[in-house]
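All ligand and atom numbering here is 1-based and tracks the order in the structure.
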Amino acid sequence: MLDTATASEAIAGSMHRLEAEPVELDEAVGRILRQSVNAERDQPPFDRVTMDGIAVRFDTINAGHRNFTIEGTQHAGDPVQSLTSDTGCIEIMTGGVLPTGTDCIIPVERISVSNGVATVASEYEAKRNQFVHPQGSDHVRGHEVLKPGARISPMDIAVIASCGLANVEVSRQPSIRVISTGNELVPPGSPIESHQIRLSNGPALVAMLADQGFVDTAHEHLIDEPTILEIRIANLLQESDVLILSGGVSMGKADYVPQVLEKLGVKLVFHKISQRPGKPMWFGIGPDKQVVFALPGNPVSTLVCCRQYVLPALLMASGRESYSPETARLTEDVTFEADLTCFLPVRISVSDDGLINATPAPTNTSGDFAALSGTHGYVELARAQSEFSAGSAVPLHRWDSP
Ligand code: AMP
Ligand code: MG
């Protein structure tokens, strides 16, 4: 049976990089950037005034002079004006260019104006260059402000816009089809019998994908019937880059998924990983290089396997370079006897010394997905060990940062 690292490597080795495509800026949030973004100009592009007020010469006000003749008014967006006299000033608004010949802004709250003269409050003490955001002090022209592989955040949209780009190259959305298998499953909104189970994996998988920006998704529920599985999976394979199934991959009499996939020409890469939860996971490559993740149906297993294997693979195919887990410190002793890697759900908090504390939130079997609500992720407890003492440093995988 494969260990967890070998399974991740096998998946990474089977993924192909998706093509890049241009999108308009208002479509770009959440997408994976596939180009460098370089500063169009120095930022700020000029000495930018940060207060409404008057622009004066510091040496004049520093020498005790308080009355300044207003020579002009300059708004944000106006071409720069020049001060001609030592005892003059220019009315200036936030966002305007620092007038030539001035080096000090007095805020409007500290002056009074009458008959074309601005008088600065007598007790006011000014500093040279105050309320000026100097040209190029954030970054200079040409600086790489965003690197390829980053997921575009709303803040990044501001940065891209500031570089003058109306379009940006991002990774193509993979077409992802999600299948929930199981005769017992009834979707939310439909009446349910006492012997049936609510279908929850499909919606959760689609949500996990959407949360990472993968929105070309569709979900379908199939019963455990080989002919139906074969017909529908064949169809869905044709329209997908990635197929994610849940359920039907274990040793039960109705677990037909592996045999149906192989019959449809999906080549097995591995079946089973030495981990809990999620041991029965199946992974293969379709006839047109589709990647097929068949996840065990137990809800905790499905969610952990999606977070641990599916999401990192999709991000890598979309152009991300690398992933490394964070490190957290266990707050309690943990014993895990099985000769398997343990993915243990945790709640995290930041301690006074700045380290991340992870408090186990064990589930009551891999069916107890309600216990996952409120957890932040899970820690990875090495297979070679069975006792983990409080204070041990362990890898942490957050649900929302795959
Ligand atoms: P399976 O992997 O098909 O043997 O399913 C294992 C367990 O997970 C069974 O108790 C199923 O009822 C449950 N299960 C499978 N698929 C889902 C699903 N989509 N939503 C909720 N529970 C599921
Ligand atoms: Mg099943």
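In this structure, the side chains of V394 and T327 stay at 4.5 Å or more apart for every pair of heavy atoms. Side chains of H219 and L205 form no contact here, defined as non-hydrogen atoms less than 4.5 Å apart.
Of the listed options N183, V249, N298, N298 places a heavy atom closest to atom 10 (O) of ligand 1.
Looking from atom 22 (N) of ligand 1 to the surrounding protein, the closest heavy atom is P299 CG, 3.7 Å. The closest protein non-hydrogen atom to atom 11 (C) of ligand 1 is E184 OE2, 3.0 Å. The nearest protein atom to atom 16 (N) of ligand 1, hydrogens excluded, is given as N201 ND2, 3.4 Å; this is a heavy-atom distance. Among protein heavy atoms, atom 4 (O) of ligand 1 sits closest to D255 OD1, 4.0 Å. With hydrogens left out, the protein atom closest to atom 5 (O) of ligand 1 is G297 CA, 3.8 Å, a heavy atom.
A donor-acceptor pair shorter than 3.5 Å cannot be found between the side chains of T4 and Q275. Side-chain polar atoms of S240 and Q290 form no donor-acceptor pair below 3.5 angstrom.
A side chain to side chain contact (heavy atoms under 4.5 Å, CB included) with V56 is found for one member of I54, D59, T60 and no other, namely I54.
The aromatic rings of W282 and H271 sit perpendicular, their planes meeting at an angle over 60°, well past the 30° parallel limit. Ring pair H65/F68 is perpendicular by interplanar angle, where above 60° counts as perpendicular and below 30° as parallel.
In this structure, V140 and A39 approach most closely via the heavy-atom pair O-CB, 3.6 Å.
Under a 4.0 angstrom heavy-atom cut-off, R198 registers as being in contact with ligand 1. Heavy atoms of G248 come nearer than 4.0 angstrom to ligand 1 in at least one pair. The closest approach between a heavy atom of G367 and any atom of ligand 1 is not below 4.0 Å.
Each of the atoms 19 (N) of ligand 1 lies under 4.0 Å from some heavy atom of S180.
The distance criterion of under 3.5 Å between nitrogen or oxygen atoms is not met by P296 with respect to ligand 1. Note: an N/O pair closer than 3.5 Å links S200 and ligand 1 by distance alone.
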